[in-house]
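The structure appears below as C-alpha cells.
For the single chain, residues carry numbers from 1 onward in sequence order. Side-chain atoms are counted along with the backbone in the values below, which use heavy atoms only and exclude waters and symmetry mates.
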Amino acid sequence: MSFPLLTATAAVPALGAVATAAVPAARRTAAKWLALAFSLATLALAAAQLVRFDPGAKGPFQLTESHAWIEDFGVRYDLGVDGIAVVLIALTALLVPFVILAGWHDADPLEDTSTRWRPTQGFFALILMVEAMVVIAFEATDVFLFYIFFEAMLIPMYFLIGGFGDRAGERGEAESAAQRSYAAVKFLLYNLVGGLIMLAAVIGLYAVTAHQLGTGTFSLTEIVQARADGKLEFATTTERALFLGFFFAFAVKAPLWPLHTWLPNAMGEATAPVAVLITAVVDKVGTFAMLRFCLQLFPEASKWATPVILVLSLISILYGALLAVGQRDIKRLIAYASISHFGFIVLGIFAMTTQGQAGATLYMVNHGISTAALMLVAGFLISRRGSRLIADYGGVQSVAPVLAGTFLVGGLATLSLPGLAPFVSEFLVLVGTFSRYPVVGVIASVGIVLAALYVLVLYQRTMTGPVKEAVRTMPDLRVRELAVVAPLIALLLFLGVYPKPVTRILDPAVEHTLSQVEKSDPEPASPVNDRRVNDVEAAK
C-alpha cells in the first residue's frame, strides 16, 4: 500500500493540536515551538503533494485514497486532490506557520495564572485543529465526509474568536469579552444555519441517488460519472433545490452579500493572526466548494442561477469597497475589503469562462497571501499603539520605516497594483467576465477604483503626516515579525511577475470544471465571426 499522503497531511496538524494541548501549563514556550514544528511538518507534506501532483495526468483526482466507512449509508472515506485543491492545501500549510509566529505572544496570560489554566497551549492547539479540518475539507471527494469537516471547523474557530480576542482598545475587559462573545456567536450561528440547510440538501442528494441507482451514494466521482452515463438524472426542480441548499452554505462561508455580516465582527474582535485564519484559510473553503460541488454536481442549476449570483457578486464588490472607504477601524476596513475581493472570486467562478475561473482560483491564492501580509502588519502596528482606530495614528513611517514599507506593499497588493500577485488574478477575472457579460465586467471594474481609494487613504492617515505623540517611540519590526512578513512580500512580488508555477497546476482543473458544466468560452467578436454567423443564418 502506498503512503497515505493526503491522510498524513491532515493527521499531522491534528496530532500536533493534541500534543500542544497536553504540554504542561508552565511550559508555554515549549508549546509554541511544538505547534510551530507540527505546522512546518504539515508544510513539508503539502510540498510533497505538490511534487507528486502531475498537472498533465488524466482524471479529475490524484493521490486518491478510498476506504469503507459507513457502508449501510453509502458513506466512504474518499480523498483526492485536483489542481485547485492541491494549491489551496499548500496555501493553508504555508500560512499557518506565519499565523503561529505572528501570534507568538497573543495568548500569553496578562498576569501570572495558576497551573489549572493553559490559554497559550489552547490557542495554538486550536489553530492546528483548524488547519487539519480545512485540509481534509479540501481533500474530501465524499460529500458527507466534506460536510462533517465543513461544519466541524466552526468549533475551534468559535473558541479562537470568543476566547482569544483582540486586546487592543480602551474598552474594559467586560466590554471586550462581551464584544468577542457576540462576534463568536454571530459567526457560529450564521455558519450553522448555512450548514443545516446544506445538510438537508445532502440528504436529498442521497435520496435521489438511492432511488435512481438502487444504492445511495455520496461519492462525487460516482455521481458525476452516473450523470455522464445517463444513469442519474435530476428533475429540474429537484436539481435547483439541491443547488440552492449547497450554495447557501458556501455563500455564508465565502462570504457573499447579504450573508456577509458576520465577517467584520469576527475579524474585528479576533486577534490579527486569527483574522488571517478566517479570511485567508477558512473562507476559501466556501469558494472552493462552489467549484467542486455546486458546478460539478448541479451544472444545469448552476447555469440557471448564474444571473442572480453575478448580481450578488457585483453588490459584494461595490458594497464591500464602499464600506471599506468609510471605516475608522483598521481591521474592519480590511474585513470589508475582503468581502469585495470575495465578490471578484465568485464573479470569476460564475462567469463560466476559462479566464474567469482561472482568475478566480488564482485569486483565492493571491488574496490569501496579500490579506495575510496586510493584516499581520496591521496587527503588529495595533499591538504597539494599543488601538485599532485609524485616527490614533499618524507619521508612523518617520519612526518605523520598515513597518510602514511592508504595510504599503501589503496595501498595494490589496488594491491589485500591476507587478504584485493579485493584479494578475483580478485582471483575468475581469477579462473573463467581460468576454461573456460586458456590462457586468464594466461595473465590477469600479471596485478597482474604490480599492485604490480605501487603501491609499488608510496609508496616508496612518503612516504619513506629522508624527503623533503616541507613536513617537513606536519600535520598528523585530526579527520575528520580519520573518513573518518578508516571505509573504517576496511571494507577492514573485507571483506578480511569474504566476506560471501556480497557473499550470490550476488550469487543467478549471478546464475539467467547465467541461462538467458544458460551457465553452465565447468567440470574440470580429468581422470573420460576424460573416460566419450571417452565412449560417442565410443557409437557414
Side-chain angles (χ1 to χ4, degrees), residues 13 16-17 20-21 23 25-40 95-113 117-131 156-171 173 175-177 179-181 183-184 187 265-282 329-332 334-335 371-388 403 406-407 410 474-475 477-485 488:
T20 302
V23 173
R27 306 195 63 185
R28 292 193 300 273
T29 302
K32 297 174 185 179
W33 284 107
L34 185 64
L36 181 61
F38 272 99
S39 69
L40 291 173
L95 291 180
V96 169
F98 296 132
V99 167
I100 290 173
L101 277 173
W104 201 253
H105 298 297
D106 285 359
D108 289 350
L110 296 177
E111 57 185 18
D112 211 10
T113 57
W117 175 236
R118 294 181 285 188
T120 303
Q121 287 85 333
F123 179 74
F124 292 104
L126 289 169
I127 290 174
L128 290 175
M129 189 56 68
V130 171
E131 179 181 24
M157 285 306 310
Y158 168 81
F159 288 109
L160 282 170
I161 297 168
F164 300 92
D166 197 348
R167 297 171 179 173
E170 299 178 354
R171 301 175 302 182
E173 180 56 32
E175 184 182 353
S176 296
Q179 290 296 324
R180 292 196 301 268
S181 177
F187 161 82
N265 295 99
M267 290 184 66
E269 296 303 324
T271 63
V274 173
V276 170
L277 204 61
I278 295 170
T279 190
V281 176
V282 172
D329 183 311
I330 297 174
K331 291 168 69 176
R332 289 178 69 90
I334 298 173
T371 299
L374 182 60
M375 179 60 84
L376 292 178
V377 176
F380 298 148
L381 177 70
I382 292 167
S383 66
R384 284 159 165 73
R385 174 66 177 83
S387 173
R388 305 193 321 237
L403 188 154
T406 53
F407 190 80
M474 180 179 290
L477 292 182
R478 302 178 178 90
V479 174
R480 172 180 59 84
E481 295 165 336
L482 281 171
V484 171
V485 177
L488 296 174

### Query
Between Val274 and Met157, does a side-chain contact (heavy atoms from CB on, under 4.5 Å) hold up when you go through it step by step?
CA-CA 8 Å; Val274 173; Met157 285 306 310; 4.1 Å; yes
Between atom [atom1] of [X] and atom [atom2] of [Y], what is the distance when rounded to the nearest 0.5 Å?
X      : Y      : atom1 : atom2 : value
Asp329 : Arg388 : CG    : CZ    : 4.5 Å
Trp33  : Arg28  : CH2   : CZ    : 15.5 Å
Thr20  : Leu128 : OG1   : CG    : 5.0 Å
Leu34  : Arg27  : CG    : CZ    : 10.0 Å
Leu101 : Leu482 : CG    : CG    : 12.0 Å
Phe123 : Ile100 : CZ    : CD1   : 9.0 Å

### Query
Who passes side-chain contact (heavy atoms from CB on, under 4.5 Å) against Val281, sequence neighbours left out?
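Only Thr92, Leu95, Val134, Leu277 meet the side-chain contact (heavy atoms from CB on, under 4.5 Å) criterion with Val281.
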Short side-chain to backbone donor-acceptor contact, [X] and [Y], under 3.5 Å:
X      : Y      : answer
Lys331 : Ala270 : yes
Ser383 : Phe380 : yes
Thr279 : Val276 : no

### Message
Holding to side chain to side chain donor-acceptor pair (under 3.5 Å), I want the full list of residues that pass it with Arg384, two or more places apart in sequence or in another chain.
### Response
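Residues passing side chain to side chain donor-acceptor pair (under 3.5 Å) with Arg384: Glu481.
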#### Entry: Check against side-chain contact (heavy atoms from CB on, under 4.5 Å), Leu488 and Phe98
CA-CA 9 Å; Leu488 296 174; Phe98 296 132; 3.8 Å; yes
### Message
Are His105 and Lys32 packed together at the side-chain level, in the sense that at least one heavy-atom pair is separated by less than 4.5 angstrom?
### Response
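His105 reaches Lys32 side chain to side chain.
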### Task
For the residue pair Pro273 and Asp106, establish whether any side-chain heavy-atom pair is separated by less than 4.5 Å.
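In contact.
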### Task
Decide yes or no on side-chain contact (heavy atoms from CB on, under 4.5 Å) for Ile161 and Ile278, but give the supporting numbers first.
CA-CA 10 Å; Ile161 297 168; Ile278 295 170; 3.9 Å; yes
Where do [X] and [Y] come nearest, in terms of heavy atoms and distance?
X      : Y      : value
Ser39  : Val96  : CB-CG1, 3.9 Å
Pro156 : Met129 : CG-CG, 4.3 Å
Ile334 : Ala378 : CD1-CB, 4.0 Å
Phe124 : Gly103 : CZ-O, 3.4 Å
Ile127 : Val99  : CD1-CG1, 4.0 Å
Gly379 : Ala272 : CA-CB, 3.5 Å

### Query
Would you say Arg480 has more than 12 foreign heavy atoms packed within less than 6.0 Å of its CZ?
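Yes - once you tally the heavy atoms of other residues, nucleotides and ligands closer than 6.0 Å, there are more than 12.
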